[in-house]
Undergrad: 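Can you keep this structure in mind? I'll have questions shortly.
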Amino acid sequence: MLGNIKIYTSDKYWAGIFFDLGAQLVDSANFADVVFDDIDVPKKIYVDDLIKIILNRAENTDIISDVFGDNVQLSNLQRRLIVLLYKNPDINMHDLKNAVGISPDITSHAVETAVYELRKKYGRNIIQNTNGKYKIGKL
């Protein structure tokens with residue numbers, strides 16, 4: 001159900017629930033799609049309602065709107081890159097690949113291609129690279 005979503009929570013009880021729902025649990029809030037500790041969830045909640053909350057939070061529409069000024073259509077990888085770079089300025093490509101679930105040791109150009117496509121569509125300054133560190137730039 002939540003297989004593509006990386007969730008961080010410090011609560012072992014909730015971590016068990018998210019594990020059972022198929023989410024990927026991460027050790028750092030910086031690399032999570034959803035930081036569950038930041039969400040005010042009622043003590044009694046139905047699983048379907050919990051899933052809706054997590055899915056809505058995972059889309060990070062507030063961050064996308066902040067970067068682009070509006071909610072734009074992006075691929076899942078592009079959306080994850082924008083959110084990661086927004087939350088973690090000055091991240092290197094190795095850590096960026098790792099954060100989106102691509103082993104840095106595997107030859108894959110998926111992240112580089114997503115960066116290229118974003119730059120092509122929104123301008124070279126949307127993602128800046130200074131000395132091997134990536135960050136969100138200006139539109």
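Quick note: residue numbers are just sequence positions, from 1. Since the model is a prediction, treat every value here as computed from it, not as a measurement.
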Undergrad: With distance as the sole test, does D11 use its side chain to make a donor-acceptor pair with the main-chain N or O of W14 at under 3.5 Å?
TA: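 Yes, because the side chain of D11 sits within donor-acceptor range (under 3.5 Å) of the backbone of W14.
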Undergrad: Are side-chain heavy atoms of I64 and V83 found at a separation under 4.5 Å?
TA: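 The answer is yes, as the side chains (C-beta and beyond) meet within the 4.5 Å cut-off.
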Undergrad: With rounding to the nearest 0.5 angstrom, report the CD1 to NZ distance, I45 to K52.
TA: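 One gets 10.0 Å once the value is rounded to the nearest 0.5 Å.
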Undergrad: Do any N or O atoms from the side chain of S75 and from the backbone of Q78 form a donor-acceptor pair under 3.5 angstrom?
TA: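 Such a contact is found between S75 side chain and Q78 backbone.
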Undergrad: Counting C-beta onward and ignoring hydrogens, is there a side-chain heavy-atom pair between V100 and F31 closer than 4.5 Å?
TA: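 V100 does not reach F31 side chain to side chain.
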Undergrad: Do F19 and Y13 share a hydrophobic cluster, counting only Ile, Leu, Val, Met, Phe, Trp and Tyr and linking them when any side-chain heavy atoms are less than 4.5 Å apart?
TA: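 Same cluster.
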Undergrad: Just by distance, do the side chain of N88 and the backbone of N30 share a donor-acceptor pair under 3.5 Å?
TA: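 Pair found, side chain donor or acceptor close to backbone of N30.
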Undergrad: Could you report the tightest heavy-atom contact between D33 and R80, atom names first, then the distance?
TA: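 That closest heavy-atom pairing would be OD1-NE, 3.4 Å.
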Undergrad: Quick one, F68 with I82, criterion side chain to side chain contact (heavy atoms under 4.5 Å, CB included). Give me CA distance, side-chain angles, the key distance, then yes/no.
TA: CA-CA 10 Å; F68 294 98; I82 294 295; 4.1 Å; yes
Undergrad: Can you measure from NZ (K120) to OG1 (T113) and round to the nearest 0.5 angstrom?
TA: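 Output value for this atom pair is 11.5 Å.
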Undergrad: Please name the pair of heavy atoms, one in A58 and one in I5, separated by the smallest distance, quoted to 0.1 Å.
TA: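 Taking A58 first and I5 second, the nearest heavy atoms are CB-CD1, 3.8 Å.
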Undergrad: Using 0.5 Å steps for rounding, measure from the CD1 atom of I126 to the NZ atom of K135.
TA: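 One gets 12.5 Å once the value is rounded to the nearest 0.5 Å.
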Undergrad: Are L96 and V26 co-members of a hydrophobic cluster defined by side-chain heavy atoms under 4.5 Å apart?
TA: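 They do not share one cluster, since no chain of ILVMFWY contacts under 4.5 Å joins V26 to L96.
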Undergrad: Nearest 0.5 angstrom please: Y116 OH to R124 CZ, how far?
TA: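 The distance works out to 10.5 Å.
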Undergrad: Kindly indicate, with the supporting measurements, whether the criterion side chain to side chain contact (heavy atoms under 4.5 Å, CB included) is fulfilled by I7 and Q24.
TA: CA-CA 6 Å; I7 298 177; Q24 297 176 29; over 6 Å; no
Undergrad: If we ignore hydrogens and angles and just use 3.5 Å, is the side chain of K6 paired with the main-chain N or O of A99 as donor and acceptor?
TA: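 Indeed, once roles are kept as given, a pair shorter than 3.5 Å links the two residues.
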Undergrad: I need the single residue from I91, V115, I136 that forms a side chain to side chain contact (heavy atoms under 4.5 Å, CB included) with L81. Which is it?
TA: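 Result for side chain to side chain contact (heavy atoms under 4.5 Å, CB included) with L81: V115.
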Undergrad: Taking the side chain as every heavy atom from C-beta outward, state whether L118 and L74 have any pair of such atoms under 4.5 Å apart.
TA: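 Answer yes - side chains close enough.
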Undergrad: Would you confirm whether N98, through its side chain, and H94, through its main-chain N or O, come within 3.5 Å as a donor-acceptor pair?
TA: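 Not a single qualifying donor-acceptor pair exists.
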Undergrad: Looking only at the side chains, is there a donor atom on one of D37 and Y8 sitting less than 3.5 Å from an acceptor on the other?
TA: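 Absent: no donor and acceptor within the cut-off.
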Undergrad: Write down the atom of M1, the atom of I51, and the distance for their closest heavy-atom approach.
TA: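 Here M1 and I51 meet closest at SD-CD1, 3.3 Å.
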Undergrad: Would you please indicate if the ring centroids of F36 and F18 are separated by under 6.0 Å?
TA: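 Yes.
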Undergrad: Flag the pair L2 / L55 as yes when at least one side-chain heavy-atom distance between them is below 4.5 Å, and no otherwise.
TA: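 They are in contact (side-chain heavy atoms under 4.5 Å apart), so the answer is yes.
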Undergrad: For the residue pair A114 and L77, what are the closest heavy atoms and their distance?
TA: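 For A114 versus L77, the nearest heavy atoms are CB-CD2, 3.9 Å.
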Undergrad: Grouping I, L, V, M, F, W and Y whenever their side-chain heavy atoms are under 4.5 Å apart, do V35 and I39 come out in a common cluster?
TA: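 No, V35 and I39 fall in different hydrophobic clusters.
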Undergrad: Pair Q73, R79 - check side chain to side chain contact (heavy atoms under 4.5 Å, CB included), show working.
TA: CA-CA 9 Å; Q73 295 294 323; R79 181 176 288 274; over 6 Å; no
Undergrad: Treating Ile, Leu, Val, Met, Phe, Trp and Tyr as nodes and any side-chain heavy-atom pair under 4.5 angstrom as an edge, say whether I63 and I54 lie in one connected cluster.
TA: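 No, it is not one cluster - the side chains of I63 and I54 are not joined through contacts under 4.5 Å.
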Undergrad: Using atom types as modelled and distance alone, determine if a side-chain donor or acceptor of K87 lies under 3.5 Å from a backbone N or O of A32.
TA: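 Answer holds: yes.
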Undergrad: Any side-chain heavy atom of Y134 within less than 4.5 Å of one from M93?
TA: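 In short, these two side chains touch, coming nearer than 4.5 Å.
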Undergrad: Donor-acceptor pair, R119 side chain versus I127 backbone, under 3.5 Å?
TA: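 Yes, the answer is positive, given that a donor and an acceptor are paired below the 3.5 Å cut-off.
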Undergrad: Could you walk me through whether L85 and V67 satisfy the side chain to side chain contact (heavy atoms under 4.5 Å, CB included) test, starting with their C-alpha distance in whole Å, then the side-chain angles of each, then the deciding distance to 0.1 Å, before giving a yes or no?
TA: CA-CA 11 Å; L85 291 170; V67 171; over 6 Å; no
